[in-house]
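Each remark here refers to the structure printed beneath this line.
Whatever order the structure lists them in is the order used to number ligands and atoms, beginning at 1. All of these numbers come straight from a predicted model, not from anything done at the bench. Note that these values count all heavy atoms, side chains included, but never hydrogens, waters or copies made by symmetry.
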Amino acid sequence: MEIALHIDSATLARYDRVRALRFDGDQLALLDQRRLPARTDWLSMRDHREVGQAITDLVVRGAPAIGIAAAYGLVLAARAGARLPIEERRAAFLAAAAHLRAARPTAVNLMWAIDRLLARCGADPEPDAVEAEARAIDAEDLAANYRMARLGAAYLAEGSGVLTHCNTGSLATAGLGTALGVIRAGWAAGRIRQVHAGETRPWLQGARLTAWELLEDGIPARLIADGAGAWLLAQGQTQWVIVGADRICANGDVANKIGTLSLAVAARQFGARTMVVAPASTVDLNTPDGSAIHIEERDPRELLEYAGQRVAAPGVEAWNPVFDVTPAALVDVIVTEKGVIEKPDAAKMGLVFG
Ligand code: MRU
């Protein structure tokens, strides 16, 4: 049975002030997430290539946000090709889609958004139609987050301690956030006593982005080193690990930011529960299980250096996978806007998404 927390949208919106992207028809403005929280610089993207590079470089990041950015990138491509004959226009649009699709490999929202635009507008990429579809993707993501926030927060008992990882907030989505949306709703409803955020090495999405978003909203957050997660859960004061996802497979396995797996293992060991919050655009029934996911590996310098300065011992090598896969068996509940799945498995996933 589905239970949603009663909380009106105006109250929730008070905790939803940050935006990662703005589209004005001719350009996509992106809040440069590499510089936050020290600087709030907006960068202007004028063509799909700039958008693709911004996704690769993590100017914009977070699974839903990169799907939305790619959708607006395709609007820019459609506008650039608007005067070409139809065959050339179509070919240019397809090429732009292929370029954007390659920007990052793990978050399926990127491919999902591109496929949706190709399916609806690929035959005739008329710019206004492409823009309408991109704006629909953006608006639907925001609506999904408001719904998931209420569904997920209904699981939180009064006085809960929660631990989140990476950044799943307004910066990672169209607004409010997925896991962070649940935390915002839980806080607004007075159900949360303490929020902990893992720093999320090496890119520090937790320390730089999640902590900033929560403090902007007046929600006190306590930062922990990633390695402190298990010890925090062992204290018994944290009832929920609440995270987002980059891809949820047909059997309920979840790819998310590196470090999620360790938290889910520790939560199970110490009697806490793991909640994964993600829109249906993150669910990929074509990926049977986690072994089929392409896990992005980024430049080892992200580990070997800190703020551009080498800190690791000279000569040492590094391995830098930036996502991991949490098996479905370690996930207590998946919250999506289409429904909530407790103890996920292939049959339950098929019922909701098949
Ligand atoms: O490398 P990132 O910052 O794009 O990774 C982001 C995450 O892993 C998030 O948890 C996930 O995309 C969900 S965002 C709502």
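Contact of the Arg150 side chain with the His6 side chain is not registered, since no non-hydrogen atoms from C-beta on lie closer than 4.5 Å. Using a 4.5 Å heavy-atom cutoff, the side chains of Leu31 and Leu36 are in contact.
The 4.0 Å heavy-atom shell around ligand 1 contains residues Arg61, Gly62, Ala63, Pro64, Arg104, Cys166, Asn167, Thr168, Ala172, Thr173, Thr178, Gln205, Ala245, Asp246, Asn256, Lys257, Phe323, ordered by chain and number.
Relative orientation of the His99 and His48 rings is perpendicular, given thresholds of 30° and 60° on the angle between their planes.
The one candidate from Val60, Leu21, Thr56, Leu28 that meets the side-chain contact (heavy atoms from CB on, under 4.5 Å) condition with Val51 is Leu28.
Under 3.5 Å, the side chains of Arg247 and Thr282 contain no donor-acceptor pair of N or O atoms.
Ion pairing between a basic and an acidic side chain is recognised when a charged N comes within 4.0 Å of a carboxylate O; Glu213 and Arg184 show such pairing.
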